[in-house]
Protein chains: 2
Amino acid sequence: MKIDDAAARLEALGNPTRLKIYRTLVRAGRAGMPVGRLQERLKIPASTLSHHVKALVSVGLISQVREGTTLVCHAEYDTMRGLVDFLVAECCAEEKQCKEAQTAA
Amino acid sequence: MKIDDAAARLEALGNPTRLKIYRTLVRAGRAGMPVGRLQERLKIPASTLSHHVKALVSVGLISQVREGTTLVCHAEYDTMRGLVDFLVAECCAEEKQCKEAQTAA
DNA sequence: CCGATTATTCGCCAATTCTAGAAGGATAGG
DNA sequence: CCTATCCTTCTAGAATTGGCGAATAATCGG
């Protein structure tokens with residue numbers, strides 16, 4: 001992953017509201033969750049939520065699939081895995097300080 | 001790690017300049033690197049650099065130790081490890097999709 | 001104490017972000 | 001076609017962020 005892509009994804013997750021959205025979607029698992037249900041769960045105005053969801057989609061951390069009138073959001077696990085791998089690689093470059101994490105990379 | 005702390009750290013890393021600063025410090029290893037050397041490496045005005053370094057220090061991702069007139073910066077590996085652990089935990093909650101990463105947590 | 005070196009803080013501006021109400025587009029049922 | 005539902009886009013204002021020159025602080029050698 002390029003450093004600018006990593007930065008963009010970190011920035012997307014670096015907002016408490018968006019991080020909560022993402023976490024909720026991860027916990028929803030493969031089934032995903034419609035925007036409307038995210039809204040009742042997180043108590044966020046629709047326009048604000050849509051704004052944040054769009055930001056997460058634009059960096060590839062989540063995706064959306066339409067089902068009738070509802071838009072179901074899914075966490076994109078591969079993207080997150082790539083991001084974690086990037087952090088682990090940065091964290092452990094040259095010096096082997098993050099041994100536990102390194103075994104994962 | 002609390003979700004707001006994680007968000008603050010992700011936000012700190014979510015700026016290309018700051019991510020480069022952090023990466024440079026990680027690669028400098030335990031010896032760390034003075035602010036001045038970061039400046040020549042990254043070609044950033046001193047005031048801008050100091051601004052970003054302060055942001056990274058404030059969330060605990062790096063620390064500074066004075067040595068005479070120079071301030072040596074060090075990556076705080078434990079903080080990064082905690083952040084990666086948080087992401088892995090979020091990423092793999094409920095569904096076991098991030099198996100490689102999970103083995104690290 | 002003085003000057004040199006190193007880094008931070010101040011002040012300012014442009015640009016972006018966050019938030020959210022209001023309006024608009026997409027889809028389905030009747 | 002009309003209406004309801006669901007979500008996005010538009011619009012706008014407050015707040016924050018990023019960037020950087022200039023001024024200020026901290027430290028050391030002499």
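Below, chains carry the letters A, B, ... as their sequence lines are ordered, and counting in each starts from 1.
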Hydrophobic cluster identity match, [X] and [Y], side-chain contacts under 4.5 Å:
| X | Y | result |
| --- | --- | --- |
| A:Phe86 | A:Met80 | yes |
| A:Val65 | A:Leu49 | no |
| B:Val57 | B:Tyr77 | yes |

Side chains of [X] and [Y] in contact at under 4.5 Å (non-hydrogen atoms):
| X | Y | value |
| --- | --- | --- |
| A:Leu87 | B:Leu87 | yes |
| B:Leu56 | B:Leu13 | yes |
| B:Arg9 | B:Met1 | yes |
| B:Val88 | B:Val84 | yes |

Anything under 4.0 Å to a heavy atom of chain B counts; send over the first and last such nucleotide of DNA chain C, read 5' to 3'.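 For DNA chain C, the relevant span reads C:dT5 to C:dT9.
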
Provide the full list of side-chain hydrogen bond (donor to acceptor under 3.5 Å, both in side chains) pairs with a residue in residues 60-69 of chain A, sequence neighbours left out, each pair given once.
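Qualifying pairs: A:Ser63-A:Glu76.
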
Under a 4.0 Å heavy-atom cut-off, which of [range] touch DNA chain C?
| range | value |
| --- | --- |
| residues 56-66 of chain B | B:Gln64 |
| residues 10-22 of chain B | none |
| residues 40-55 of chain A | A:Pro45, A:Ser47, A:Thr48, A:His51, A:His52 |

What donor-acceptor contacts under 3.5 angstrom involve side-chain atoms of residues 33-48 of chain B, with partners at least two apart or in another chain?
unit_1, atom_1, unit_2, atom_2, d
B:Lys43, NZ, B:Glu40, O, 3.4

Exercise. Only counting residues at least two apart or in another chain, list the ones meeting side-chain contact (heavy atoms from CB on, under 4.5 Å) with A:Asp78.
Key: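 With sequence neighbours excluded, A:Asp78 shows a side-chain contact (heavy atoms from CB on, under 4.5 Å) to A:Arg81, given in chain and number order.
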
Minimum-distance pair of heavy atoms, taken over all atoms of A:Cys73 and A:Val53
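Shortest heavy-atom contact: SG-CG1, 4.2 Å.
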
Run the side-chain donor-acceptor check on residues 16-25 of chain A: report pairs under 3.5 Å with partners two or more places apart or on a different chain.
unit_1, atom_1, unit_2, atom_2, d
A:Arg18, NE, A:Ala12, O, 2.6
A:Arg18, NH1, A:His52, ND1, 3.1
A:Arg18, NH2, A:Glu11, O, 3.4
A:Thr24, OG1, A:Lys20, O, 2.7

